[in-house]
Amino acid sequence: MNFLSKITPRIVAKSPWLYRINAGSCNGCDVELATTACIPRYDVERLGCQYCGSPKHADIVLITGPLTARVKDKMLRLYDEIPDPKVTVAVGVCPISGGVFRESYAIEGPIDRYLPVDVNVPGCPPRPQAIIEGIAQAIAIWRARIGEAA
Amino acid sequence: MMAFLKILLDNLRKGPATEAFPFGEAPTPPAYRGKVAFDADTCTGCKMCEHVCAGGAIRFAEDDDGLHFLIWHNTCISCGLCEYYCPTKAITLTNNWHLAHPQSEKYTQIDHGTVAQCRCTECGTAFLPAIPALMDLAYRGQNDRTKALAGMCPDCRRRATLSGARS
């Protein structure tokens with residue numbers, strides 16, 4: 001057990017898993033996120049990360065959308081299921097500031113009112129390279145955080 | 001069969017399709033709509049960009065120093081309406097897309113610009129200057145007379161234009 005707890009931080013520092021939460025996004029940013037993983041031209045998996053289907057496996061969480069009133073509770077519940085330590089990336093202007101939906105009655109965001117955000121990637125949507133740039137910054141934070149936890 | 005071999009050879013010649021970014025430069029089209037740039041020297045202060053801004057990213061404030069322009073890049077959706085409607089193209093979209101930043105810099109992602117007020121050569125009233133680009137649009141080219149008119153406040157300019165027509 002002791003050996004495992006020593007070796008695990010070294011391994012996970014190299015391969016953070018990505019998880020995507022759509023907090024009422026128009027799907028534009030989600031398409032760009034799919035692009036970073038599925039199109040060989042961008043290929044985010046070169047950085048050692050991989051998209052996973054379960055919040056319980058996630059290390060870096062990418063949030064899109066302005067956090068609509070209907071999705072807020074579900075989204076926060078999902079966020080709590082992601083084990084600590086985790087790194088949060090806000091993708092697109094919507095989660096950062098509300099974007100074009102700012103000050104709408106249907107919007108509860110920006111998301112940093114409810115959860116700690118680490119990296120912001122503005123754009124409507126940000127281009128795949130900009131998302132990769134944000135994920136690279138998130139990986140640097142992730143490695144520092146794993147080092148602290150170990 | 002031969003077509004397949006040709007594709008294989010082409011792919012071997014071209015190398016990997018993956019872009020080197022973030023380990024190298026990413027190709028960016030010159031017309032890519034990225035970060036907004038503002039040039040206070042050519043701004044006429046019409047505030048059309050603030051009016052058309054879809055994300056409400058542009059704010060103007062006016063005081064004794066002049067007209068203050070402010071843009072928060074974190075709510076700009078790079079739609080390009082400001083550039084399209086700007087009569088003098090003082091506001092343009094650059095192809096800079098390197099906007100990812102840590103949360104600590106969220107509220108510093110802003111750009112300022114100040115259009116300074118100047119004094120009327122006739123009556124000394126403070127007013128926002130009529131920039132050369134605007135005078136070109138209004139008078140279809142400039143001469144000594146339009147240059148003298150540009151230094152006057154709107155009231156004096158109107159008076160001077162009318163007296164010029166009479167004499």
Side-chain angles (χ1 to χ4, degrees), chain A residues 26 28-29 32 35-37 39-47 62-63 66 87-104 109-113 115-141 144, chain B residues 7 10-12 14-36 50-59 70-83 93-111:
Chain A
C26 71
C29 292
E32 299 297 320
T35 305
T36 59
I39 295 189
R41 178 177 288 179
Y42 309 116
D43 193 18
V44 75
E45 295 185 5
R46 280 175 302 152
L47 308 179
L62 306 153
I63 303 177
V87 179
T88 314
V89 183
V91 178
V93 292
C94 289
I96 302 171
S97 64
V100 292
F101 305 110
R102 205 172 62 201
E103 291 159 26
S104 159
I111 53 161
D112 60 357
R113 279 185 192 163
L115 42 90
V117 175
D118 297 297
V119 179
N120 291 312
V121 186
C124 188
R127 73 186 307 212
Q129 291 94 332
I131 293 175
I132 289 174
E133 196 176 37
I135 291 176
Q137 291 183 13
I139 290 173
I141 295 172
Chain B
I7 292 167
D10 280 352
N11 282 350
L12 283 172
K14 271 188 256 169
T18 309
E19 282 176 11
F21 189 82
F23 309 106
E25 275 303 302
T28 308
Y32 181 82
R33 296 201 307 266
K35 196 173 186 176
V36 167
E50 184 186 32
H51 179 70
V52 298
C53 184
I58 297 172
R59 291 278 161 88
L70 187 142
I71 180 163
W72 187 30
H73 297 294
N74 270 345
T75 190
C76 167
I77 57 165
S78 300
C79 60
L81 281 177
C82 49
E83 184 182 19
L93 271 73
T94 63
N95 69 350
N96 174 16
W97 50 270
H98 297 279
L99 291 165
H101 57 274
Q103 173 73 3
S104 56
E105 293 169 17
K106 178 176 173 180
Y107 295 107
T108 58
Q109 301 289 308
I110 49 174
D111 269 327

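Proteins come first, then strands; the chains are lettered A, B, ... in the order of their sequence lines, and each starts at number 1. Side chains are part of it too, since the values below use all heavy atoms of this structure and drop only hydrogens, waters and symmetry mates.
- A:Q129 contributes atom CD, which lies 10.5 Å from atom CD of B:E25 (distance to the nearest 0.5 angstrom).
- Here B:G55 is the residue among B:A20, B:A26, B:G55, B:A54 with the most heavy-atom pairs under 4.5 Å with chain A.
- Each of A:G134, A:G99, A:G98 has some count of heavy-atom pairs under 4.5 Å with chain B, and the biggest count is that of A:G99.
- Residues meeting the side chain to side chain donor-acceptor pair (under 3.5 Å) test with B:D111, sequence neighbours left out: B:H73.
- Using a 4.5 Å cut-off between heavy atoms, B:S104 makes no contact with chain A at all.
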Checklist entry - Where do B:K106 and A:V117 land on the side chain to side chain contact (heavy atoms under 4.5 Å, CB included) test, with the steps shown first? => result CA-CA 10 Å; B:K106 178 176 173 180; A:V117 175; over 6 Å; no
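- Every residue two or more places apart in sequence or in another chain was checked for a side chain to side chain donor-acceptor pair (under 3.5 Å) with B:K35, and none qualifies.
- In this structure, chain B has a heavy atom under 4.5 Å from the side chain of A:P110, while its backbone stays farther away.
- Sparse packing is recorded around CZ of A:R41, with 12 or fewer heavy atoms of other residues, nucleotides or ligands lying under 6.0 Å away.
- Interatomic distance, OG1 of B:T18 versus CG of A:D43, reported as 5.0 Å (0.5 Å rounding).
- Here A:N120 is the residue among A:V100, A:I135, A:N120 with the most heavy-atom pairs under 4.5 Å with chain B.
- Using a 4.5 Å heavy-atom cut-off against chain B, the contacting residues of residues 88-95 of chain A are A:V93.
- Residue pairs that meet the salt bridge (charged side-chain N to carboxylate O under 4.0 Å, His left out) test with at least one member in residues 120-131 of chain A, sequence neighbours left out, do not exist here.
- We find the CZ-CZ distance between B:F21 and A:R46 to be 9.0 Å, quoted to the nearest 0.5 Å.
- Counting heavy atoms from C-beta on, the side chains of A:S97 and B:Q109 never come closer than 4.5 Å.
- Contacts between B:C79 and chain A at a heavy-atom distance below 4.5 Å are absent for every atom of the residue.
- Between A:P122 and B:H101, the shortest heavy-atom distance links the atoms CD-CE1, 3.8 Å.
- Counting heavy atoms of neighbouring residues, nucleotides and ligands inside a 6.0 Å radius, atom NE2 of B:H51 does not exceed 12 of them.
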